[in-house]
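These numbers come from the heavy atoms of this one structure, side chains and all, not from hydrogens, waters or symmetry mates.
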Amino acid sequence: MAAARPSGSWSGALCRLLLLTLAILIFASDACKNVTLHVPSKLDAEKLIGRVNLKECFTAANLIHSSDPDFQILEDGSVYTTNTILLSSEKRSFTILLSNTENQEKKKIFVFLEHQTKVLKKRQTKETVLRRTKRRWAPIPCSMLENSLGPFPLFLQQVQSDTAQNYTIYYSISGPGVDQEPRNLFYVERDTGNLYCTRSVDREQYESFEIIAFATTPDGYTPELPLRLIIKIEDENDNSPIFTEETYTFTIFENCRVGTTVGQVYATDKDEPDTMHTRLKYSIIGQVPPSPTLFFMHPTTGVITTTSSQLDRELIDKYQLKIKVQDMDGQYFGLQTTSTCIINIDDVNDHLPTFTRTSYVASVEENTVDVEILRVTVEDKDLVNTANWRANYTILKGNENGNFKIVTDAKTNEGILCVVKPLNYEEKQQVILQIGVVNEAPFSREASSRSAMSTATVTVNVRDQDEGPECNPPIQTVRMNENAAVGTTSNGYKAYDPETRSSSGIRYKKLTDPTGWVTVDENTGSIRVFRSLDREAETIRNGIYNITVLASDQAGRTCTGTLGIILQDVNDNGPFIPKKTVIICKPTMSSAEIVAVDPDEPINGPPFDFTLESSTSDIQRIWRLNKINDTAARLSYQNDPAFGSYVVPVTVSDRLGMSSVTSLDVVLCDCITENDCTHRADPRIGGGGVQLGKWAILAILLGIALLFCILFTLVCGASGISKQPKVIPDDLAQQNLIVSNTEAPGDDKVYSANGFTTQTVGASTQGVCGTMGSGVKNGGQETIEMVKGGHQTLESCRGAGHHHTLDSCRGGHTEVDNCRYTYSEWHSFTQPRLGEKVYLCNQDENHKHAQDYVLTYNYEGRGSVAGSVGCCSERQEEDGLEFLDNLEPKFRTLAEACMKR
């Protein structure tokens, strides 16, 4: 047993050692990297002293706890003091406990706080130890807390180069905060390389500083390259969040649903973004009126929504909220700011207009219009002078005849009941109306809960009025046969007294009677035929003859009515043919269509029967009638009658046997169309005579007298010029086509009669070749006359008042036989002179282009086979009119006048 006891003690000690080792390993495995924070000896409450990287230790931690109540750890690892702390010793520590409540996993971080002076001594000691083993000329992360309280100068870090083992090294810095704004914020000790800050820094003004460190020997040698140092300013929660507006104003409709968005507020924070210093939380801290609580603000977004659907503008039309925003995610020590939010409740049509009374009574005198008889009022709790408050009145029942209308008074919202159509006491003494009212805007609530319209009853009493006779209906009719004998009487227009419904005591007078066919009895209003009636008269429309009658009572009150006399048709008119003249173009037509009409009613009209009067045998021999339809027949010729005009009597009978005879003037003509045929005395149309009026006969006599005067003047003038016998061409009568272009005042005339061509020009001397045509000059006007057949003269000499023939212009002796020239002679003489004349025509006295020169005409199609008939025609044929043989029939008469066979 004794020997066994030592053995048991040894084994027990071994077990305890193993358990301790395991515990140490487990504890070591749960502990993260230690963190050392350099702080001053005095720490104020609610101040940031540093930041710990929690994610590096435990990513899934959802619970953070500090072992020391004087320190608080936030989610981003920021370490804040909760109370004012004085570091009595040079070192103080606490533990940060991280845990996950889901899997119960835990981690720890040991945090050590070291006093600033101790750090300085420790670093100097370490520096002497490490000077030979570690190269120090490299960028070292460096930071300082903004708004630091010192003590200043505040040590930041030491910059040192390994080349100091072999050289005497001087350290210097340059950049922002040193020799650039803000100047003299940082400095470095020349011999030790210790970097100091001289005063506090505001991070919102300078987030970081980038300075350059230099290591040089006393003689200026630089064994090291310049070193870039970045000094980051750690943020302190020294800026409160600020709302973007001092007062927010939102509007929302009443009775809106729960969760309806009212609006959104915004706030800004100048502290470092994405830190607890700028993590804002919104909240509502007050409401006026305080209850009930109707709004909710989302803590992160600042969106305000409704929590109740009982917003009633008629009870409360405005709410005022006091809102707050706080950083540090709403922690009690976070900085905060408040603002005001005003929420206006907008009106909806949730209240129906209601009549103040359910029944009304009004009265109106009969026969009055456009009068106001009643005003009705309504109550509406909605917002005044809006579409939700304005009323629309309507008449639901009792206004079937349209006697009333109801409108809204825009100022008072009352309903005004008016009479727009006169009422008749004799027809109805009382009218009961049902009126309703709604708003201009539609009702917003469900109609099933209550009626969407308020109604009321209006009783309108009609007062009697002593009124004159009434012409009702205003148009009355009677029927009479159109062949009624003179003196026939019939009922007339009847007016009555609306009070007694009687026509006694009413006098009648005829106001209008277009043809004076009837008279009106003064006492009874009956009509009497004064002249024969004719339904087919021009004043009759649709077989009704209208007269106007004035009815009056003993007091002189009147009314006017119209009496329509319906004339009943009798068969007193036979059918006739309105078109008396019928033209038949014999080469192209063998018949013509004739149409008959009957003024009587269709019952006394067609079908018609057409027959030829057989008074002469020639009519039956030449003409034949064939019926086409009920109102038309075809008249055709037979046995090849000669051209001419024929009188053909045609009898037309209606269905009742009433007939009439129409004598048709039928013309058989050598034509293509009816328009080509003329009624002239021509052998080919049967010698139809033409009757001349008295003015036509007088014009013919004056023309004959003028012709004799001209002939007498020509004979006298010709006998004094030449003693030689004048040779007059025998074909000039029908071959002279004379064209005159005289455009100025003058007496130039050309007459052609009995084979002579004559010219008279004041007292001028006539040339020998005047029969061939001459040029006349008078008052500066020139005329060129062209003689058909190649014989032409040209006035080309500018003698005042003298006229020369072709030879006289040349200076030779004038002979009658020399008036005939060949075409070549005429062409050779006229061509240069015509060119000269045309050129001169284009100039005025100043040798400038004349304004009235012959204008150029547009192209009007290809020329005809007749060629040109102008003065410059080069046609060499003597006659050349054979083309007239092939003209259409309508040109044959003209062709015969132009050609001599």
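- Side-chain N or O atoms of Asn403 include one that pairs as donor or acceptor with a backbone N or O of Lys421 at under 3.5 Å.
- Shown here is Arg479, whose CZ atom has no more than 12 heavy atoms of other residues, nucleotides or ligands within 6.0 Å.
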Exercise for the section: Applying side-chain contact (heavy atoms from CB on, under 4.5 Å), run through Val431 and Asn401 and close with a yes or a no. Expected result: CA-CA 11 Å; Val431 181; Asn401 296 328; over 6 Å; no

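- Heavy-atom contacts from other residues, nucleotides or ligands closer than 6.0 Å to CD of Glu372 number more than 12.
- No donor-acceptor pair closer than 3.5 Å links the side chain of Thr558 to the backbone N or O of Ala551.
- Counting heavy atoms from C-beta outward, Phe576 and Val597 have side chains that approach closer than 4.5 Å.
- At a threshold of 4.0 Å, the pair Glu204-Lys270 does not count as salt-bridged, since none of the basic side-chain nitrogens sits closer than that to a carboxylate oxygen.
- The environment of Glu245 atom CD is dense: over 12 non-hydrogen atoms of other residues, nucleotides or ligands sit within 6.0 angstrom.
- Remark: side-chain polar atoms of Asn546 are not paired, donor with acceptor, to backbone N or O of Thr562 under 3.5 angstrom.
- Counted by atom type alone, Ser659 and Thr651 present zero donor-acceptor pairs between their side chains at under 3.5 Å.
- Atom-to-atom distance recorded for Asp382:CG and Arg390:CZ is 12.0 Å, nearest 0.5 angstrom.
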Handout entry: Evaluation steps, side-chain contact (heavy atoms from CB on, under 4.5 Å), between His298 and Thr305
Key = CA-CA 8 Å; His298 193 280; Thr305 56; over 6 Å; no

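- The two residues Val478 and Ser490 make their nearest non-hydrogen contact at CB-OG, 4.1 Å.
- For the 3.5 Å distance criterion, the side chains of Thr275 and Asp76 fail to qualify, holding no donor opposite an acceptor.
- With hydrogens and angles ignored, the 3.5 Å screen pairs no side-chain donor or acceptor of Glu414 with any backbone N or O of Asp409.
- In this structure, CG on Leu383 lies 7.5 Å from CG on Asp346, to the nearest 0.5 angstrom.
- Counting heavy atoms from C-beta on, the side chains of Asp654 and Phe608 come closer than 4.5 Å.
- Side-chain contact between Met297 and Val265 is present, with at least one heavy-atom pair separated by less than 4.5 Å.
- Relative ring orientation between Tyr319 and Phe295 is described as perpendicular, the plane-to-plane angle rising above 60° on a 0-90° scale split at 30° and 60°.
- A distance of 9.0 Å separates CG in Leu294 from CD1 in Ile343, rounded to the nearest 0.5 Å.
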Handout entry: side chain to side chain donor-acceptor pair (under 3.5 Å) between Ser240 and Thr337, worked out
Key = CA-CA 7 Å; Ser240 300; Thr337 303; 4.8 Å; no

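- Residues Phe333 and Leu74 share a closest heavy-atom pair of CZ-CD2, 4.0 Å.
- Distance CZ/Arg279 to CG/Asp329: 5.5 Å, rounded to 0.5 Å.
- Judged by distance alone, with hydrogens and angles left aside, the side-chain atoms of Tyr493 form no donor-acceptor pair with the main-chain N or O of Thr548 at under 3.5 Å.
- Within a 6.0 Å radius of NZ in Lys580, more than 12 heavy atoms belonging to other residues, nucleotides or ligands are found.
- Atom CZ of Phe253 is surrounded by 12 or fewer heavy atoms from other residues, nucleotides or ligands within 6.0 Å.
- Taking all atoms of both residues into account, the shortest heavy-atom contact from Gly436 to Met453 is CA-SD, 3.9 Å.
- When all heavy atoms of Tyr393 and Thr408 are compared, the closest pair comes out as CD1-OG1, 3.3 Å.
- For the residue pair Asp269 and Asn239, no side-chain donor N or O sits within less than 3.5 Å of a side-chain acceptor on the partner.
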Practice task
Could you walk me through whether Ile416 and Val407 pass the side-chain contact (heavy atoms from CB on, under 4.5 Å) test, one step at a time?
Solution key: CA-CA 5 Å; Ile416 305 174; Val407 295; 4.0 Å; yes

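- With rounding to the nearest 0.5 Å, the separation of CG in Asp347 from CD in Glu314 is 5.5 Å.
- More than 12 heavy atoms of other shown residues, nucleotides or ligands fall within 6.0 angstrom of atom NZ in Lys494.
- No side-chain donor-acceptor contact under 3.5 Å links Asp271 to the backbone of Asn237.
- Within the 4.5 Å cutoff, side-chain heavy atoms of Tyr332 are placed close to those of Glu46.
- Enclosure of atom CZ in Phe250 by more than 12 non-hydrogen atoms of other residues, nucleotides or ligands within 6.0 angstrom is indicated.
- Considering only heavy atoms from C-beta on, Cys418 stays 4.5 Å or farther from Asp370 through its side chain.
- No side-chain donor-acceptor contact under 3.5 Å links Asp609 to the backbone of Ser653.
- Proximity of Gln287 to Gln320: side-chain heavy atoms (C-beta onward) are nowhere separated by under 4.5 Å.
- In this structure, the side chain of Glu254 engages the main chain of Arg313 through a donor-acceptor pair within 3.5 Å.
- When every heavy atom of Val595 is checked against every heavy atom of Pro578, the shortest pair comes out as O-CD, 3.3 Å.
- Here the closest heavy-atom approach between residue Ala267 and residue Leu280 is recorded as O-CD1, 3.7 Å.
- Taking the side chain as every heavy atom from C-beta outward, Ile316 and Ile345 never approach each other to under 4.5 Å.
- Of the possible polar contacts, none joining the Gln476 side chain to the Gly561 backbone as a donor-acceptor pair under 3.5 Å is found.
- Considering only heavy atoms from C-beta on, Trp517 comes within 4.5 Å of Leu567 through its side chain.
- The OG1 atom of Thr524 sits 8.5 Å away from atom CG of Asn491, with the distance rounded to the nearest 0.5 Å.
- The environment of Asn626 atom CG is dense: over 12 non-hydrogen atoms of other residues, nucleotides or ligands sit within 6.0 angstrom.
- Of the possible polar contacts, one joining the Ser660 side chain to the Pro575 backbone as a donor-acceptor pair under 3.5 Å is found.
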